[in-house]
Asks: 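Please read through the structure below; I'll follow up with questions.
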Amino acid sequence: QVQPVESGGGTVQSGGSLRLSCAASGRIFNNHAMGWFRQAPGKERELVAAISWSGGATYYADSVKGRFSVSRDNVNNRVYLQMSSLRPEDTAVYYCAGDRYLYRSERIADASGYVNWGQGTQVTVSS
């Protein structure tokens, strides 16, 4: 199976916005929750947002709640992360990943359930 491919990263000033996109194969995407993770230098990878297989349920880490929005396009097998009011502490490599289980809506915040990682896209927020 082809791994997801993230895009849309870049360098922005504090307070700016970016929209990340993740393209995944049907095997990874269809009927699976999708998650967005990030990893900053010297820190562990953390789940920042997730969306259920239907798009009906979402999860956000407290650190991004109210600033980030996750969505998915189930026709074109894509998941998006709209990031606004960016802060220097949002600087990280951002990854998308698919849930190993099918049809999950209630435990999408379980970071251990995600597999099939992409290569990531770098987001840098300057102060």
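Every heavy atom of this structure was used, including side-chain atoms; hydrogens, water molecules and symmetry mates were not.
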Asks: Using a strict cut-off of less than 4.0 Å between a Lys/Arg side-chain nitrogen and an Asp/Glu carboxylate oxygen, indicate whether Asp99 and Arg107 qualify as a salt bridge.
Replies: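 No, Asp99 and Arg107 are not salt-bridged.
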Asks: Ile108 and Phe37: same hydrophobic cluster, using ILVMFWY side-chain contacts below 4.5 Å?
Replies: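 Result: yes, single cluster for both.
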Asks: Considering all heavy atoms of both residues, which atom of Cys96 and which atom of Pro4 are nearest to each other, and what is their separation?
Replies: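 Nearest heavy atoms, Cys96 then Pro4: SG-CB, 3.4 Å.
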Asks: If only atom types and distance count, is the side chain of Glu6 paired as donor or acceptor with the main-chain N or O of Gly120 below 3.5 Å?
Replies: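 Yes, Glu6 side chain to Gly120 backbone: donor-acceptor pair under 3.5 Å.
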Asks: Determine the minimum heavy-atom distance between Ser17 and Gln82, stating which atoms define it.
Replies: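 Looking at all heavy atoms of both residues, the closest pair is CB-NE2, 4.1 Å.
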Asks: Do Met83 and Leu47 sit in one hydrophobic cluster, given that two such residues count as connected whenever their side-chain heavy atoms are within less than 4.5 Å of each other, even indirectly?
Replies: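 Each belongs to a different hydrophobic cluster.
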Asks: Going only through I, L, V, M, F, W and Y residues with side-chain contacts under 4.5 Å, is there a path from Tyr80 to Leu86?
Replies: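 Result: no, two separate clusters.
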Asks: Restricting to non-hydrogen atoms, name the atom on Ser21 and the atom on Arg78 that form the minimum distance, rounded to 0.1 Å.
Replies: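 Answer, listing the atom of Ser21 first, then Arg78: OG-NH1, 3.0 Å.
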Asks: To the nearest 0.5 angstrom, please state how far the CG atom of Asn116 sits from the CZ atom of Phe29.
Replies: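 Rounded to the nearest 0.5 Å, the CG-CZ separation comes to 13.5 Å.
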Asks: Is it the case that Ser85 and Arg67 place a side-chain donor and acceptor less than 3.5 Å from each other?
Replies: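 There is no such pair between these side chains.
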Asks: If every non-hydrogen atom of Tyr60 is compared with every non-hydrogen atom of Val70, which pair is closest and at what distance?
Replies: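 Distance-wise, the nearest heavy atoms are OH-N, 2.9 Å.
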Asks: Within this structure, what is the CD-OG distance for the pair Glu106 and Ser52, rounded to the nearest 0.5 Å?
Replies: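 The OG atom of Ser52 is 10.5 Å from CD of Glu106, to the nearest 0.5 Å.
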Asks: Would Val93 end up clustered with Leu20 when hydrophobic side chains under 4.5 Å apart are linked, directly or stepwise?
Replies: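 Val93 and Leu20: separate clusters.
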Asks: Answer whether the closest heavy-atom distance between the side chains of Trp53 and Asn30 falls below 4.5 Å.
Replies: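 No - every pair of side-chain heavy atoms lies 4.5 Å or more apart.
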Asks: Could you report the tightest heavy-atom contact between Arg104 and Gly113, atom names first, then the distance?
Replies: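 Scanning both residues, the minimum pair turns out to be NH2-CA, 3.8 Å.
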Asks: What I'd like to find out is whether the side chain of Arg19 reaches to under 4.5 Å of the side chain of Leu81, using heavy atoms alone.
Replies: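 When only atoms from C-beta onward are counted, Leu81 and Arg19 do not touch, as no gap falls below 4.5 Å.
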Asks: Taking Tyr59 as the starting point, is it possible to reach Tyr114 by hopping between hydrophobic residues whose side chains are less than 4.5 Å apart?
Replies: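 Yes, Tyr114 and Tyr59 fall within the same hydrophobic cluster.
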Asks: Do the charged groups of Asp62 and Lys65 touch, with an N to O distance under 4.0 Å?
Replies: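 Yes, charged N to carboxylate O under 4.0 Å.
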Asks: Using only atom types and a distance under 3.5 Å, with no angle test, would you say the side chain of Thr121 pairs donor to acceptor with the backbone of Tyr94?
Replies: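 Not at all, since once roles are kept as given, no pair shorter than 3.5 Å links the two residues.
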Asks: How far apart are the closest heavy atoms of Ile28 and Met34, and which atoms are they?
Replies: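 Taking Ile28 first and Met34 second, the nearest heavy atoms are O-SD, 4.1 Å.
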Asks: Is Gln3 reaching over with its side chain to a backbone N or O of Gly118, donor-acceptor style, under 3.5 angstrom?
Replies: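 A pair under 3.5 Å: no.
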Asks: Tell me, do Thr91 and Gln122 make a side-chain contact under 4.5 Å, heavy atoms counted?
Replies: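 Side-chain contact under 4.5 Å: yes.
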Asks: For the ring pair Trp36 and Phe68, is the centre-to-centre distance below 6.0 Å?
Replies: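 Distance test on ring centres: not under 6.0 Å, no.
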